[in-house]
Undergrad: 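Here it is: the structure, laid out below.
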Amino acid sequence: MAVAVPLAAASRGLRGLMLRRLLAPTQPGLTCSCHPLSSPAQDEASRAAPVEAPGHSYQSLRVTSGPGHILHVQINRPEKRNAMNKAFWSEMVECFNKISEDADCRTVVISGEGKMFTSGIDLMDMASVLLQPQGDDVARISWYMRNLLSKHQETFSVIEKCPKPVIAAIHGGCIGAGVDLITACDIRYCAQDAFFQVKEVDTGLAADVGTLQRLPRVIGSQSLVNELAFTARRMMADEALSSGLVSRVFPDKEATLDAAFTLAAEISSKSPLAVQGTKVNLVYARDHPVAAGLEFAHNWNMSMLQTDDVLKSVQAAMEKKDLKSVTFSKL
């Protein structure tokens, strides 16, 4: 209680100052400026030489860090068209669990090395796991498969559970399990050469690690989802944009990555409490009725509003300072 009183008083003082500023006549030469996503500092962040992120050493992934609290996760099997092998399915979980606990990281960009984002499951590498399940009878084999599939689902659910916003930068093919991956991400950008395939029916199975559950929520058209899932046809970049699967399309891979890092830098300049709390609330609201989402939000903010980040952000706005000049504590 001793902390809440001065904070409330400070908040009232700031509200009064904000009201006076908002109601004051506009002075000549003063305008309200909304900063575009692209700025020199953000462009510099996107062009900076990557540095291997400490604590992240994998066979199938490469994780690098740059300025602005951004981590870049690359699917790194270009010689295999970034096909997802045995190592990938466990390494993604390890990687994003570490990122969730990384106080220095505020935003993640995920992309594919080489000519395409991913060709999906590496069937040759995974054949022994999927086609030769362990067990003495049908029940035990089924129990083994259930556990196996649950672990594979976690490979992409861990992205959704990670409180840091994850931006997918897609180029070339995004096939099969690649769609499972990107639908678990928060924002999707793609290059003009990108295409998307819910490929599982062509391999004799129903998608089971996220696409059929998340894609309808992402694009909002059950008819289109059904068409894609039943036929395994390609969805090209322009259709992906018009359907809402991606929010922006860029000329090539380099432009897509530049835009993704510029966006990541913009997000990373905000209060990490505000951004991560926003992601947690958005994911919860997606899966619950409005009333439950509202109750979750007030339970969340009754403690989260008691942060210096609110005062720092409001003060910066009143003083017309860029949030990149504000130092927020690690989270």
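Residue numbers count from 1 along this sequence.
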Undergrad: Can a side-chain donor-acceptor contact be found between Asp180 and Gln153 if the only test is distance below 3.5 angstrom?
TA: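 Looking only at side-chain atoms, Asp180 and Gln153 do not form any donor-acceptor pair under 3.5 Å.
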Undergrad: Taking the inter-plane angle between the rings of Tyr58 and His56 on a 0 to 90° scale, is it parallel (under 30°), tilted (30 to 60°) or perpendicular (over 60°)?
TA: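 Judged by the thresholds at 30° and 60°, the geometry between Tyr58 and His56 is tilted.
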Undergrad: Taking the basic N atoms (NZ, or NE/NH1/NH2) and the acidic carboxylate oxygens, is any pair closer than 4.0 Å for Glu239 and Arg233?
TA: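 Looking at Arg233 together with Glu239, the answer is yes, because their closest N to O distance falls below 4.0 Å.
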Undergrad: Please examine the side chains of Ile99 and Lys164, heavy atoms only from C-beta on, and report whether any two atoms are closer than 4.5 Å.
TA: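 Yes, their side chains come closer than 4.5 Å.
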Undergrad: Are His69 and Thr107 linked by a side-chain donor-acceptor pair shorter than 3.5 Å?
TA: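 There is no such pair (donor and acceptor under 3.5 Å, judged by atom type) between the side chains of His69 and Thr107.
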Undergrad: Please list, chain by chain and in numerical order, all residues satisfying side chain to side chain donor-acceptor pair (under 3.5 Å) with Gln276, sequence neighbours excluded.
TA: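 Gln276 satisfies side chain to side chain donor-acceptor pair (under 3.5 Å) with no residue once adjacent residues are dropped.
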Undergrad: Quick one: hydrophobic cluster around Trp143, which other residues, with the 4.5 Å side-chain cut-off, linked directly or via members?
TA: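 Same cluster as Trp143: nobody, lone residue.
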Undergrad: Salt bridge or not between Arg77 and Glu113? Use side-chain N to carboxylate O under 4.0 Å.
TA: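 No.
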Undergrad: Between Leu282 and Arg286, is any pair of side-chain heavy atoms under 4.5 Å apart?
TA: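 Not in contact.
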Undergrad: Is there a side-chain contact between Leu323 and Lys270 in this structure, where contact means two heavy atoms from C-beta onward sitting under 4.5 Å apart?
TA: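 Result yes, sub-4.5 Å side-chain heavy-atom pair found.
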Undergrad: Quick one: are Ser60 and Asn85 in side-chain contact, heavy atoms under 4.5 Å?
TA: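 Sidechains of Asn85 and Ser60: in contact.
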Undergrad: Side chains of Ser271 and Arg106: any donor to acceptor distance under 3.5 Å?
TA: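 No, because no side-chain N or O of Arg106 sits under 3.5 Å from a partner of the opposite role on Ser271.
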Undergrad: For the residue pair Glu101 / Asn97, report whether a side-chain donor-acceptor contact shorter than 3.5 Å exists.
TA: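 Not at all, the side chains of Asn97 and Glu101 share no donor-acceptor pair under 3.5 Å.
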Undergrad: To the nearest 0.5 Å, what is the distance between NE2 (His298) and CG (Leu305)?
TA: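 Between atom NE2 of His298 and atom CG of Leu305 there are 12.5 Å.
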Undergrad: What residues, two or more places apart in sequence or in another chain, satisfy side chain to side chain contact (heavy atoms under 4.5 Å, CB included) together with Trp300?
TA: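 Applying side chain to side chain contact (heavy atoms under 4.5 Å, CB included) to Trp300 gives Val280, Asn281, Phe296, Met304.
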Undergrad: Below 4.5 Å, heavy atoms only, C-beta onward: do Met145 and Ser142 meet side chain to side chain?
TA: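 Not in contact.
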Undergrad: Do NZ/NE/NH1/NH2 and the carboxylate oxygens of Asp186 and Lys279 come within less than 4.0 Å?
TA: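 Lys279 and Asp186: salt-bridged.
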Undergrad: With a 4.5 Å cut-off on side-chain heavy atoms, are Val246 and Phe196 touching?
TA: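 They are in contact (side-chain heavy atoms under 4.5 Å apart), so the answer is yes.
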